[in-house]
Trainee: 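Quick one: the structure is below, questions incoming.
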Amino acid sequence: MSRRLVAHLDMDAFYASVELLHRPFLRGLPVVVGGRRRQPLEADPEDLSTWPRLRDYVGRGVATTASYEARALGVHSAMGLMKAAALAPDAILLPADFEEYRRMSHRFKEAVAEIAPVIEDRGIDEIYIDLTDVPGAFDATPDDRLAGARALGQRLQQAVRNATGLSCSLGVTPNKLLSKLCSDLDKPGGVTVLDMDDIAARIWPLPPGRINGIGPKAREKLEQAGIRSIGELAAVEPAWLIAKFGKSTGAWMHEAAHGRDERPVVTHRDPKSVSRETTFERDLHARLDRDTLGGIFTGLCEKVAADLARHGLVGRTIGLKLRFDDFRTVTRDHSLDAYTADAGTIRWAAGQCLKRIELTRRIRLLGVRVGTLAANDAIPAEPRPARGRGSPESLPLFEDLD
DNA sequence: TCTGGGGTCCTAGGACCC
DNA sequence: TCTGGGGTCCTAGGACCC
């Protein structure tokens, strides 16, 4: 087995930290980023009482990020803002400024790339870095066998701070699984270094949910079986896990609990789907609100089409997603014979999907997706045998419901 | 005061073909 | 008339992640 060194770098409370960078007078206060698009901020830096507070928020938004002061009050990302307001009514609520976050994201990734160019993007605020071939990665001193890994982690952290003024945390270990886990162990601002020999002492005491890929459902199942730590998970027969979680997940879980992970750092991935969805301010009725729904539907299809065009992509499988007022979600797919990036064709196919859904309840969310993607300049001339279907000139949508 | 938006991957059944 | 497999594509739902 070849020796690897992989880092996971995670920005600390990224969106909130970017906001505080631009508004240092808010430092020390609980700050939450999130909510739906609102009017531009018109607050006075000199007068904190003019800044929007969580308690004044009304609507369906969630917290995207909470500063550490807000986290101390129990607010965390993905929490509904109404619930968050009950916990931290005085927290400052800032609208998300994705353009700015993307700029800072680009900046920190560039700074890392100057030191270690093999980078896997995991979203706007985190990356994996393959350090195996970076000079010094495996240096050791008499009192620190992981001195090279530690020094590299600290160097990356300093480079990010110099380039952005922002703090991040790193895990540096032999693989992605362990590094992801470790970057979270000493947040904010930590560099956690670990070798396979340290797994029993450092990893096994942690709860299974700390493993990336074990979510609420799996955690619940494990808990019911009395498995409360990664060490206990590691001691379970793989056959039992496979019976409980299926072949793939069960086998993976066993390996993960032992800290084994051979996944490479992937520098490029082809996109699999492009989608747009929106949750309405109020639940809409298929018939009573059909004009509103029809307009939103068309808008989503146009956005997806524009996204495809921007990336030079075309797709063949059109998907529709509805969420009802009881939060039940249904999806329908419709595969076309030919690739498309055309808004009208997408809307027609999504309309075919809509026909197959029984609209008994009010609708909370509407989404449109295009999958089975190909590059615009590499479409097969005869993609598939035509199987006969209507032409996209009629657009039966919410208009002809009823 | 319920629960955003953009994704990936897995499972499982049925159609259809050899 | 009954009995096979394997392979691929399509669809629907669900778990999970950032």
Side-chain angles (χ1 to χ4, degrees), chain A residues 8 10-11 13-15 32-37 54-65 76-87 89 95-96 98 101 105 120-128 176 180 183-184 209-221 242 245-253 263 266 269-281 283 300 303-304 307 311 316-337 349 352-353 356-357 364-373 383-385 387:
Chain A
H8 180 257
D10 198 20
M11 299 300 288
F14 185 52
Y15 298 176
V32 173
V33 176
R36 307 184 65 96
R37 188 147 331 293
L54 210 40
R55 66 151 53 86
D56 300 320
Y57 184 81
V58 182
R60 295 189 144 164
V62 298
T64 308
T65 316
H76 51 81
S77 55
M79 176 182 278
L81 284 179
M82 295 307 226
K83 191 176 170 188
L87 294 168
F98 287 101
Y101 308 149
S105 175
E120 176 173 338
D121 232 298
R122 294 306 298 188
I124 200 159
D125 69 340
E126 60 182 83
I127 50 176
Y128 290 106
K176 295 207 286 189
K180 168 77 179 169
S183 69
D184 201 41
R210 297 296 277 270
I211 293 174
N212 188 243
I214 296 186
K217 301 287 179 181
R219 211 162 53 214
E220 173 67 20
K221 268 198 210 177
I242 286 168
F245 294 96
K247 196 172 170 167
S248 161
T249 306
W252 166 78
M253 237 180 235
R263 291 171 303 162
V266 177
R269 223 182 283 268
D270 288 326
K272 302 278 185 276
S273 68
V274 172
S275 69
R276 288 283 187 145
E277 65 182 54
T278 186
T279 297
F280 314 133
E281 291 289 351
D283 299 333
L300 289 169
K303 278 183 183 153
V304 170
D307 292 343
H311 294 109
R316 246 190 58 227
T317 307
I318 315 301
L320 182 77
K321 173 171 160 183
L322 288 190
R323 177 126 71 210
F324 296 107
D325 55 5
D326 61 356
F327 223 69
R328 188 171 57 96
T329 305
V330 298
T331 62
R332 293 292 181 272
D333 276 358
H334 183 97
S335 285
L336 300 168
D337 295 329
Q352 296 302 111
C353 295
R356 290 187 271 136
I357 304 177
R364 173 191 179 89
L365 169 150
L366 181 62
V368 175
R369 181 178 45 83
V370 176
T372 321
L373 301 178
R384 16 198 333 99
R387 275 177 314 179

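Every chain is numbered from 1 and lettered A, B, ... according to where its sequence line falls, protein lines coming before strand lines. Note that the coordinates shown come from a computational prediction; the quantities given were computed from them, not determined experimentally.
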Trainee: What's the CG-C1' distance between L87(A) and dT1(B), to the nearest Å?
Mentor: 12 Å
Trainee: Please give, in whole Å, the distance from dA12(C) C1' to L320(A) CG?
Mentor: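 Taking CG of L320(A) and C1' of dA12(C), I get 13 Å after rounding.
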Trainee: Starting from the 5' end of DNA chain B, give me the residue, A86(A) or T64(A), whose nearest nucleotide shows up first.
Mentor: A86(A)
Trainee: If you check the R316(A) side chain, which of dC10(C), dT3(B), dT11(C) turns out closest?
Mentor: dC10(C)
Trainee: Under the rule for side chain to side chain donor-acceptor pair (under 3.5 Å), what residues qualify as partners of R55(A), not counting sequence neighbours?
Mentor: D90(A)
Trainee: Checking S183(A) now: which residues fulfil side chain to side chain donor-acceptor pair (under 3.5 Å) with it, not counting sequence neighbours?
Mentor: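 Partners of S183(A) by the side chain to side chain donor-acceptor pair (under 3.5 Å) criterion, ordered by chain and then number, come out as H8(A).
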Trainee: Return the set of residues passing side-chain contact (heavy atoms from CB on, under 4.5 Å) with T329(A) (not counting sequence neighbours), or none when no residue passes.
Mentor: K321(A), R323(A)
Trainee: Kindly write out the residues that satisfy side chain to side chain donor-acceptor pair (under 3.5 Å) with R263(A), not counting sequence neighbours, or none if the list is empty.
Mentor: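 Listed in chain order: D261(A).
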Trainee: I need the minimum non-hydrogen distance between D125(A) and D10(A), along with the two atoms involved.
Mentor: O-OD1, 3.5 Å
Trainee: List in chain and number order the residues that pass side-chain contact (heavy atoms from CB on, under 4.5 Å) with K221(A), two or more places apart in sequence or in another chain; answer none if no residue qualifies.
Mentor: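 Only K244(A), F245(A) meet the side-chain contact (heavy atoms from CB on, under 4.5 Å) criterion with K221(A).
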Trainee: Toward the 5' end of DNA chain B, which comes first, G61(A) or M82(A), by nearest nucleotide?
Mentor: M82(A)
Trainee: Can you name the side-chain contact (heavy atoms from CB on, under 4.5 Å) partners of S275(A), sequence neighbours left out?
Mentor: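 Testing S275(A) for side-chain contact (heavy atoms from CB on, under 4.5 Å), a comparison that skips the adjacent residues, returns R369(A).
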Trainee: For a quick test of reading the model: is some side-chain N or O of S335(A) closer than 4.0 Å to OP1 or OP2 of dT11(C)?
Mentor: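 Looking at the OP1 and OP2 atoms of dT11(C), one of them is under 4.0 Å from a side-chain N or O of S335(A).
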Trainee: Drop me the distance from L87(A)'s CG to M79(A)'s CE, to the nearest 0.5 angstrom.
Mentor: 5.5 Å
Trainee: Does F14(A) have any ring-ring contact (aromatic ring centres under 6.0 Å, His included) partners at least two apart in sequence or in another chain, and if so, which?
Mentor: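 Partners of F14(A) by the ring-ring contact (aromatic ring centres under 6.0 Å, His included) criterion come out as none, since no residue qualifies.
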Trainee: Nearest whole angstrom, please: distance from the C1' of dG4(B) to the CG of L366(A).
Mentor: 15 Å
Trainee: Under the side chain to side chain donor-acceptor pair (under 3.5 Å) test, which residues partner R364(A), sequence neighbours left out?
Mentor: none
Trainee: Please confirm whether the shortest side-chain N or O distance from R323(A) to OP1 or OP2 of dT3(B) is below 4.0 Å.
Mentor: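 So the side-chain polar atoms of R323(A) never come under 4.0 Å of the phosphate oxygens OP1 or OP2 of dT3(B).
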Trainee: Hunt down any stem DNA chain C takes part in, defined as 3 or more consecutive Watson-Crick or G-U pairs whose two distances are each under 3.5 Å.
Mentor: B:5-18 with C:5-18
Trainee: Could I get the full list of side-chain contact (heavy atoms from CB on, under 4.5 Å) partners for D326(A), not counting sequence neighbours?
Mentor: F324(A), R328(A), R361(A)
Trainee: I'd like the C1' distance from dT3(B) over to dC16(C), given in whole Å.
Mentor: 16 Å
Trainee: Between protein and nucleic acid, restricted to nucleotides 5-8 of chain B and to nitrogen or oxygen atoms under 3.5 Å apart, what atom pairs and distances do you find?
Mentor:
unit_1, atom_1, unit_2, atom_2, d
dG5(B), OP1, T279(A), N, 3.1
dG5(B), OP2, T279(A), N, 2.9
dG5(B), OP2, T279(A), OG1, 2.4
dG6(B), OP2, E277(A), N, 2.5
dG6(B), OP2, E277(A), O, 3.3
dG7(B), OP2, S275(A), N, 2.7
dG7(B), OP2, S275(A), O, 3.3
dG7(B), OP2, S275(A), OG, 3.1
dT8(B), OP1, K272(A), N, 2.7
dT8(B), OP2, S273(A), N, 3.3
dT8(B), OP2, S273(A), OG, 2.8

Trainee: Quick one, give me the B/S/- string for nucleotides 13-18 of chain C, reading 5' to 3', where B means a protein heavy atom under 4.0 Å from the base and S means that only happens at the primed atoms, P, OP1 or OP2.
Mentor: S-SSSS
Trainee: Between atom CG in L336(A) and atom C1' in dC9(C), what is the gap in whole Å?
Mentor: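 Rounded to whole Å, this separation is 15 Å.
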Trainee: Rounded to whole angstrom units, what separation is found between the CD1 atom of I242(A) and the C1' atom of dC10(B)?
Mentor: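 My rounded result for the distance is 15 Å.
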